[in-house]
Amino acid sequence: MRLNADYALDSQSNMVTETDATTDDAGSETTRAGREPPGPDGLPGVGNTFALARDVFGFYERLADEYEGDVARYRVAGDTAYLLTHPDHVEQVLVTDAPRFVKGEMQQRQIGSAFGEGMLLAEGDDWREQRTTAQPAFYRERIEAYAPVAVSHAEAMANEWDDGDTIEIHDAMTELTLSVLARALFGIDIRGRQSPVRAAATATRERFDTSRLGAYLPEWLPTPVNRRYKHSLAALQEFIEELVAERRTADKSGTDLLSLLVAATDGDGMDDETLRDNMATFLFAGHETTALTLTYTLFLLGHHPDTQERLHAELDEVLGDDSPTAAILPELDYTEQVVEEAMRLYPPVWTTFREPAVDTEVGGYTIPEGAVVSLPQWIVHRDERWYDAPLEFRPERWAGGGDDRPEYAHYPFGGGPRHCIGMRFARMEARLVVATLANEFTVESLTDAPLDLTASANALPAEPVELRLSRR
Ligand code: HEM
């Protein structure tokens with residue numbers, strides 16, 4: 001068994017009908033070509049939807065464990081899907097064979113009404129143009145200029161906390177990363193104006209919570225959750241239109257992301273819908289994932305006093321009483337290892353989806369055009385082939401850049417041409433915020449480990465994450 005998983009077979013919803021050999025000897029790669037990968041058929045009509053809804057992480061773990069060729073098939077809500085769990089397959093899909101894959105119909109169906117025309121889901125030339133337009137906001141020197149924003153917002157938050165306080169860290173980090181994003185990339189102070197974005201984020205989490213069967217139903221069905229989702233999206237879009245209108249009447253010479261996007265709508269450029277969907281994309285993609293990284297990092301530190309002590313020693317030595325800066329980050333090696341290890345163990349993006357635009361061979365099997373391909377960070381990051389004691393939080397494993405494990409054994413930001421455009425920003429912000437907060441406080445986790453997670457669009461804590469603070 002490769003995965004250190006704890007789960008039970010469910011004979012009701014997952015009749016395991018192996019349709020193919022998985023690990024026959026040397027010739028397997030060639031003999032499997034053109035054949036369908038093995039996997040559970042599930043129930044007629046609904047396939048494995050119930051098993052996924054019960055526990056998508058457990059379902060994926062079971063598939064990865066049982067179908068040892070690293071390729072397994074499952075069926076969900078009318079789609080045939082393929083779970084690819086080898087880093088080489090991840091690299092093939094995201095990097096080497098990237099032109100053969102698109103984001104695809106399933107993601108467009110799922111989140112198209114909110115983000116459909118934006119960079120996350122755009123394809124081909126549309127995507128290329130949008131990425132080129134936004135790229136200057138993510139150049140290294142621009143990113144470094146955002147560092148004081150992250151630090152000053154984190155310090156303002158820390159100043160409101162007292163010795164002995166108990167805080168719910170997920171909510172606090174969401175508020176923090178949204179305000180940093182809005183200030184750095186959109187040039188606005190969103191503190192006190194966060195509610196349309198926060199409400200839309202909450203409704204989105206609920207809509208795509210894979211443990212609800214409703215998550216697999218179309219958006220047009222007038223369920224209460226769908227109605228809340230649509231209503232909150234409309235309010236978000238109104239808020240975005242206000243921001244755009246404010247910027248259009250203001251000075252046009254700005255170089256932040258909002259100015260770049262607004263300027264791109266002049267003449268024959270980007271249309272207003274694309275601008276709006278990109279704003280929604282950046283508001284979401286840019287804050288929730290980083291908030292989760294910080295939540296999980298602080299939660300893990302609060303359970304590992306020795307790690308925290310070592311982190312404090314590094315901060316005392318490198319920073320003393322000073323605030324962290326972008327320039328000092330290369331000296332904060334251990335801080336970086338702590339954040340990387342938290343993203344390995346609790347990857348905010350728990351899987352990445354693609355769709356082959358043409359039949360494509362992966363791991364010796366043919367994945368047909370139009371299928372759903374799932375590349376689960378959740379599984380690959382916890383595979384004992386690449387990590388000793390994969391369920392343990394051991395930042396030291398990243399010392400010196402990590403062992404000689406395959407490159408795509410760790411891909412919290414995806415990879416290839418569609419890798420996260422905000423990666424450098426997110427990594428910098430996470431390290432600066434951890435350094436700022438850990439320099440002020442020792443944290444103790446009051447919520448039990450391992451953390452119970454909900455798989456929605458991102459992997460979210462299923463319960464409040466409480467920390468007790470002691471001022472250092
Ligand atoms: C720790 C924080 C973050 C994580 C874990 C994360 C993760 C990811 C991943 C895995 C992808 C690839 C999705 C795919 O291939 O289908 C992605 C794409 C993207 N991310 Fe992030 N992200 C983070 C922070 C950010 C930030 C701060 C921003 C913006 C300020 C951002 C904006 C985007 C955008 C626009 C894309 C789409 C890029 C494209 O398709 O060209 N993300 N992110």
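Every value quoted in this text rests on a predicted model; they were computed, and no experiment measured them. As the structure lists them, so they are numbered: ligands from 1, and atoms in each ligand from 1.
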Response to the item:
the protein heavy atom lying closest to atom 12 (C) of ligand 1 turns out to be Arg418 O, 3.7 Å

Worksheet item: Close to atom 21 (Fe) of ligand 1, meaning under 2.8 Å, how many protein N, O or S atoms are there?
Response: 1

Worksheet item: What is the closest protein heavy atom to atom 36 (C) of ligand 1, and at what distance does it sit?
Response: Leu120 CD1, 3.8 Å

Worksheet item: Can you tell if the side chain of Tyr346 reaches within under 4.5 Å of the side chain of Thr293, non-hydrogen atoms only?
Response: no

Item to complete: With heavy atoms only and a cut-off of under 4.0 Å, state how Tyr411 meets ligand 1: side chain, backbone, both or neither.
Response: neither

Fill in: Any Thr307 side-chain heavy atom under 4.5 Å of Pro395 side chain
yes

Fill in: Thr177/Leu294 under side-chain contact (heavy atoms from CB on, under 4.5 Å): CA gap, chis, key distance, verdict
CA-CA 9 Å; Thr177 56; Leu294 287 165; 3.8 Å; yes

Practice prompt. Taking atom CG of Asp125 as the centre, report whether more than 12 heavy atoms of other residues, nucleotides or ligands fall under 6.0 Å from it.
Written response: no

Worksheet entry | With Glu340, the salt bridge (Lys or Arg N to Asp or Glu O under 4.0 Å) member among Arg427, Arg431, Arg397 | Arg427

Practice prompt. Number the atoms of ligand 1 from 1 as they appear, then name those within less than 4.0 Å of a heavy atom of Thr352, with their elements.
Written response: 14 (C), 15 (O), 16 (O)

Worksheet entry | Close-contact set for ligand 1 against Leu185 heavy atoms, below 4.0 Å | 30 (C)

Worksheet item: Tell me, which protein residue and heavy-atom name are nearest atom 13 (C) of ligand 1, and how many Å apart are they?
Response: Lys103 NZ, 4.1 Å

Practice prompt. Heavy-atom distances under 4.0 Å are what count here, so tell me which part of Arg354 touches ligand 1: side chain, backbone, both or neither.
Written response: side chain

Item to complete: Show your working on side-chain contact (heavy atoms from CB on, under 4.5 Å) between Arg354 and Leu94 and close with a plain yes or no.
Response: CA-CA 8 Å; Arg354 285 293 185 276; Leu94 294 182; 3.5 Å; yes

Worksheet item: Of the backbone atoms (N, CA, C, O) and the side-chain heavy atoms from C-beta on, which set of Leu181 has a member under 4.0 Å from an atom of ligand 1: side chain, backbone, both, or neither?
Response: side chain

Response to the item:
ligand 1 to Pro412, heavy atom cutoff 4.0 Å, flagged ligand atoms 5 (C), 7 (C), 10 (C)

Worksheet item: Should His419 be counted as touching ligand 1, given the test is an N or O pair under 3.5 Å?
Response: no

Worksheet item: Which residues pass the side-chain hydrogen bond (donor to acceptor under 3.5 Å, both in side chains) test with Glu440, sequence neighbours left out?
Response: Arg471

Worksheet item: Taking distance alone, with no angle check, do Arg131 and ligand 1 share an N/O pair under 3.5 Å?
Response: yes

Worksheet entry | Sub-4.0 Å heavy-atom contact, Glu429 with ligand 1 | no

Item to complete: Salt-bridge test for Arg247 and Asp256: reply yes if a basic N is under 4.0 Å from a carboxylate O, no otherwise.
Response: yes

Practice prompt. Flag the pair His410 / Tyr387 as yes when at least one side-chain heavy-atom distance between them is below 4.5 Å, and no otherwise.
Written response: yes

Worksheet item: Do Val180 and Leu178 have side-chain heavy atoms sitting under 4.5 Å apart?
Response: no

Worksheet item: Is the closest heavy atom of Arg427 to ligand 1 under 4.0 Å?
Response: no

Worksheet item: What about Thr293: any of its N or O atoms under 3.5 Å from an N or O on ligand 1?
Response: no

Discussion item. Counting neighbours of CG on Asp189 that are heavy atoms of other residues, nucleotides or ligands and sit closer than 6.0 Å, is the number greater than 12?
Written reply: yes

Worksheet item: Is there a side-chain contact between Leu467 and Glu444 (heavy atoms, below 4.5 Å)?
Response: no

Discussion item. Show me which atoms of ligand 1 lie under 4.0 Å from any heavy atom of Phe282.
Written reply: 29 (C), 35 (C)

Discussion item. Which of the numbered atoms in ligand 1 are under 4.0 angstrom from any heavy atom belonging to Phe138?
Written reply: 30 (C)

Discussion item. Taking the side chain as everything from C-beta on, heavy atoms only, tell me whether Pro461 gets closer than 4.5 Å to Thr454.
Written reply: no

Discussion item. I'd like to know if Arg385 and Asp70 make a salt bridge, using a cut-off of under 4.0 Å between side-chain N and carboxylate O.
Written reply: yes

Worksheet item: Is there any N or O on Trp127 that sits under 3.5 Å from an N or O of ligand 1?
Response: yes

Worksheet item: Any salt bridge between Arg198 and Asp171, counting N to O under 4.0 Å?
Response: yes

Practice prompt. Using a strict 4.0 Å cut-off to heavy atoms of Phe425, name the atoms of ligand 1 that fall inside it.
Written response: 27 (C)

Discussion item. Under 4.0 Å, counting heavy atoms only: does Leu121 come that close to any atom of ligand 1?
Written reply: no

